Amino acid sequence: MILRILAALPVGYAVATLWAIALSVILPMRPEQATTVGMLVAFAICAVAAMWSFAAKSGWKALWVLAVAGGVAAALTWIMTRGGGVA
């Protein structure tokens, strides 16, 4: 149960934040609009991450899936900012 709570609260928040940052960089609109959209989508991602944490078969699987989701968002952000995407 501790792993599920850990996955739901701090890890879910971190994943939502990483996706908000990634969306603010990826979306093809003005930066302030992309940031607003990313923040709004992050609320839904945080809720889904919390629900997933308690719906997964085990706490370890919940942590693993959320870590991969956060890693994908971080990689997309890194690629877009360092790889010649957004300056």
Side-chain angles (χ1 to χ4, degrees):
M1 184 57 100
I2 297 296
L3 283 175
R4 292 177 188 273
I5 293 170
L6 180 68
L9 296 175
V11 176
Y13 179 78
V15 169
T17 302
L18 286 168
W19 275 104
I21 295 167
L23 288 173
S24 71
V25 171
I26 292 170
L27 292 176
M29 52 183 71
R30 291 189 349 223
E32 56 273 1
Q33 289 177 334
T35 300
T36 301
V37 170
M39 297 284 290
L40 291 172
V41 171
F43 285 115
I45 291 172
C46 193
V48 169
M51 288 186 279
W52 167 253
S53 298
F54 291 100
K57 290 188 178 191
S58 71
W60 289 111
K61 184 174 183 179
L63 279 173
W64 174 251
V65 169
L66 291 176
V68 169
V72 168
L76 284 173
T77 303
W78 185 79
I79 289 168
M80 291 300 292
T81 56
R82 306 283 185 206
V86 176

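Computed over heavy atoms, backbone and side chain alike; hydrogens, waters and symmetry mates excluded. Note that the structure is predicted; figures quoted are calculated from it, not measured.
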Give a yes or no on whether Val41 and Tyr13 share a hydrophobic cluster (residues Ile, Leu, Val, Met, Phe, Trp, Tyr; joining criterion: side-chain heavy atoms under 4.5 Å apart). no
When rounded to the nearest 0.5 Å, the distance separating OG1 of Thr77 from CH2 of Trp19 is 8.0 Å
Verify the cluster assignment for Val72 and Ile26: are they in a single hydrophobic cluster under the rule of side-chain heavy atoms below 4.5 Å apart? yes
Closest heavy-atom pair and its distance - Pro10, Ile5: CD-O, 3.9 Å
Is there any salt bridge (charged side-chain N to carboxylate O under 4.0 Å, His left out) pair reaching into residues 5-27, and which pairs are they, with sequence neighbours excluded? none
Identify the two heavy atoms, one from Leu66 and one from Ala7, that lie closest to each other, and give their separation to 0.1 Å. CD1-O, 3.3 Å
Just how far is it from atom OG1 of Thr35 to atom CE of Met29, taken to the nearest 0.5 Å? 10.0 Å
Between CD1 of Ile21 and CG of Leu76, what distance do you get to the nearest 0.5 Å? 12.5 Å
Determine whether Val37 and Leu23 make a side-chain contact, defined as any pair of heavy atoms from C-beta on separated by less than 4.5 Å. no
Under 4.5 Å between side-chain heavy atoms, counting indirect links through other Ile/Leu/Val/Met/Phe/Trp/Tyr residues: same cluster for Ile45 and Val11 or not? yes
Contact list for residues 12-32, test salt bridge (charged side-chain N to carboxylate O under 4.0 Å, His left out), sequence neighbours left out: Arg30-Glu32
Can you hop from Met39 to Met80 via hydrophobic side chains spaced under 4.5 Å? no
Would you list the atom pairs, donor with acceptor, under 3.5 Å between side chains in residues 51-65 and any protein atom, with sequence neighbours excluded?
from	atom 1	to	atom 2	distance (Å)
Ser53	OG	Ala8	N	3.2
Ser53	OG	Ala49	O	2.8
Ser58	OG	Lys61	N	3.1

